[in-house]
Amino acid sequence: MNPGPPPRRSFGAEVATGVGDAFRPVVRLLDRFGDHVILLARSLAWLPRRPFRPANYLEACEYIGVGSLPIVLLVGFFTGAVMGLQAVYAFRQFQLESFAGGTTGKALAVELAPVLSALMVAGRSGAGIATELGTMRITEQIDALESMAVSPLQFLVLPRLIAGMLMAPILSLLFFIVAMVGCYFLAVVVQHVDHGQFVLHTRDLLTTTDVAQGMLKSIVFGLIVTLIGCYQGFNASGGGRGVGLGTTRAVVFSSVTILISDYFLSDILLRVMSSDTGVR
Amino acid sequence: MSDADDAPLARAHPRWHLRVRGLTKSFGAKVVLDKLDLDVERGKVNVIIGASGAGKSVLIKHFMCLLRPDRGAIWVDGTDVFALATQPLSVFRRKFGLVFQFSALFDSLTVEENCAFPLREHTKKSKAEIKDIVRDRLAALGLDGMQAMYPGSLSGGQRKRVGLARALVLEPEILIFDEPTTGLDPLATRNVDDMILGVMERYKVTSVVISHDMASVFRIADRIAMLHERQILVAGTVDEIRGSDIPYLYEFIRTSGVAAAGAAP
Ligand SMILES: Nc1ncnc2c1ncn2[C@@H]1O[C@H](COP(=O)(O)OP(=O)(O)OP(=O)(O)O)[C@@H](O)[C@H]1O
Ligand SMILES: [Mg+2]
């Protein structure tokens with residue numbers, strides 16, 4: 001059967017539709033953002049209410065923290081090593097290779113440790129949360145919780161959000177420490193940079209403010225990863241395929257959100273915690 | 001649709017335990033329930049029949065506010081369900097036991113932990129007491145000895161029974177079964193029917209059963225309501241339903257192979 005000619009429409013209507021189409025992604029994005037904020041607020045509202053169920057929090061901390069630990073440490077060591085390698089080669093042109101530790105350390109503490117460790121957590125725990133809650137949603141286990149007068153927000157979502165905010169900074173700190181070990185190993189042991197000089201310049205350049213900045217970012221990233229994972233799981237539909245899609249989305253959305261929000265967080269933190277860098 | 005329509009809803013009614021008025025629910029553009037009215041009789045087995053996809057599961061999920069309607073109200077003993085705030089709603093939900101269509105057991109917990117879950121959440125009973133209660137319930141359903149198994153390794157029929165045990169531990173006033181016999185062999189179906197009747201005898205609850213299986217329906221039902229085209233097409237006692245000459249209902253019963261006694265041509 002041939003489709004007939006499209007019905008004639010007025011120019012104004014066409015323009016209105018066109019403009020509407022153009023803005024649709026923006027409107028949808030804002031809509032989604034709002035949904036996440038609502039999920040966050042409704043979950044946090046359960047925080048002061050009994051029962052507190054410490055076991056759920058411990059389990060979530062273990063899942064996020066211990067679960068992501070090996071991969072965070074592995075990636076941390078090699079990130080530190082490669083950054084150290086690049087820095088030594090770059091600074092060697094000016095005989096300044098002993099600065100490798102300090103500069104690498106700053107980059108690691110403020111940016112690389114929080115961002116990379118959060119990406120690891122997103123890939124592992126964020127995906128896991130989306131799958132687990134998604135499966136519980138489509139097999140009606142979440143409805144079952146509710147039918148037994150247990151709030152799924154309090155029972156499932158809140159512990160994961162809190163665990164994310166607690167564990168992400170710890171993982172980031174461990175990432176940073178291991179990365180510095182990797183950097184030291186590469187610079188001092190492999191590239192024969194002087195030990196005393198390396199440590200001295202690292203101490204000079206790297207401040208506790210840098211590390212604190214990184215950890216503050218991590219708290220936000222931990223929340224982002226777990227919130228997006230919970231959201232995708234909670235709103236899963238359409239069987240196993242739907243759960244899979246939700247998991248993919250959780251990883252993609254949280255990775256993108258981490259990288260974008262990192263820019264804005266950096267901007268804010270540099271203004272507020274203005275260290276010795278002079279960026280205003 | 002019933003003789004209860006003019007009685008005030010905000011007061012507990014001696015005969016009607018749960019009363020649905022004007023319930024309308026849509027998902028997106030799809031209207032699933034439209035101004036639906038239903039009365040559930042106290043202390044009886046109320047069966048809801050209807051085609052697959054008619055909205056039976058959606059309807060019963062409104063009973064304890066697992067879904068919120070677009071319009072309409074449900075009254076349980078004078079309580080307006082959808083007007084309840086979070087805390088009272090949580091207390092209210094303990095009146096219900098819901099056996100889900102696909103069991104909805106927590107797959108990270110063992111059979112025993114599944115059944116113990118409502119007790120752990122809502123009572124101050126000791127571990128030993130809970131263990132005893134759970135063993136008692138499981139034994140009554142022929143499941144003793146399966147405490148340590150995970151739901152993943154049970155058969156469909158066993159999962160249904162564990163789901164029932166879980167729904168029973170808090171001794172609910174209203175017990176809801178979503179298709180307890182679908183997908184079971186004839187003997188298991190008979191077992192589940194006996195189990196429902198046994199529960200009725202032992203705990204004096206009001207029950208709502210969703211079912212397609214007319215043989216089983218006529219075995220257990222006190223009242224039958226048919227959900228068709230977004231509304232209750234007809235509701236009444238078993239004899240009224242058997243004797244009904246509404247074409248769709250008649251066809252539904254006739255094709256199921258169970259003789260609709262009164263209306264047989
Ligand atoms: N969460 C939902 N989102 C969108 N549509 C839904 C949702 N839940 C149910 N529906 C739709 O509502 C309709 C009724 O579904 P319901 O599960 O209540 O049917 P049912 O009568 O229980 O059928 P069955 O006997 O097969 O279990 C279906 O068409 C289904 O697609
Ligand atoms: Mg159903």
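A, B, ... follow the sequence lines: proteins, then strands. Residue 1 opens every chain.
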Heavy-atom count around [X] [atom1] within 6.0 Å, excluding the residue itself: above 12?
X        : atom1 : value
B:Gln147 : CD    : yes
B:Phe27  : CZ    : yes
A:Phe33  : CZ    : no
A:Phe23  : CZ    : no
B:Arg94  : CZ    : yes

Identify the heavy atoms of [X] and [Y] that sit nearest to each other, and give their distance.
X        : Y        : value
B:His122 : A:Ala149 : CE1-O, 3.3 Å
B:Ala104 : A:Gln141 : O-CG, 4.0 Å
A:Asp143 : B:Leu66  : O-CD2, 3.8 Å

task = Using a 4.5 Å cut-off on heavy atoms from C-beta on, say whether the side chain of A:Glu146 contacts that of B:Cys65.
result = no
query = Does any non-hydrogen side-chain atom of B:Phe102 lie less than 4.5 Å from one of A:Ile138?
reply =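 The answer is no, as the side chains (C-beta and beyond) never meet within the 4.5 Å cut-off.
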Where on [X] is there a heavy atom nearer than 4.5 Å to chain A: the side chain, the backbone, both, or neither?
X        : result
B:Leu170 : neither
B:Thr86  : side chain
B:Phe117 : side chain

query = Can you tell me how far CE of A:Met148 sits from CG of B:Leu98, rounded to the nearest 0.5 angstrom?
reply =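 Reported to 0.5 Å precision, the distance equals 9.0 Å.
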query = Which distance, rounded to the nearest 0.5 Å, do you find between the CZ of A:Arg49 and the OG of B:Ser90?
reply =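 A:Arg49 atom CZ to B:Ser90 atom OG measures 9.5 Å (nearest 0.5 Å).
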note = Okay, A:Ser147 and chain B: the region with an atom under 4.5 Å from a heavy atom over there is both
note = The interface call for A:Leu145 against chain B, heavy-atom contacts under 4.5 Å, is both
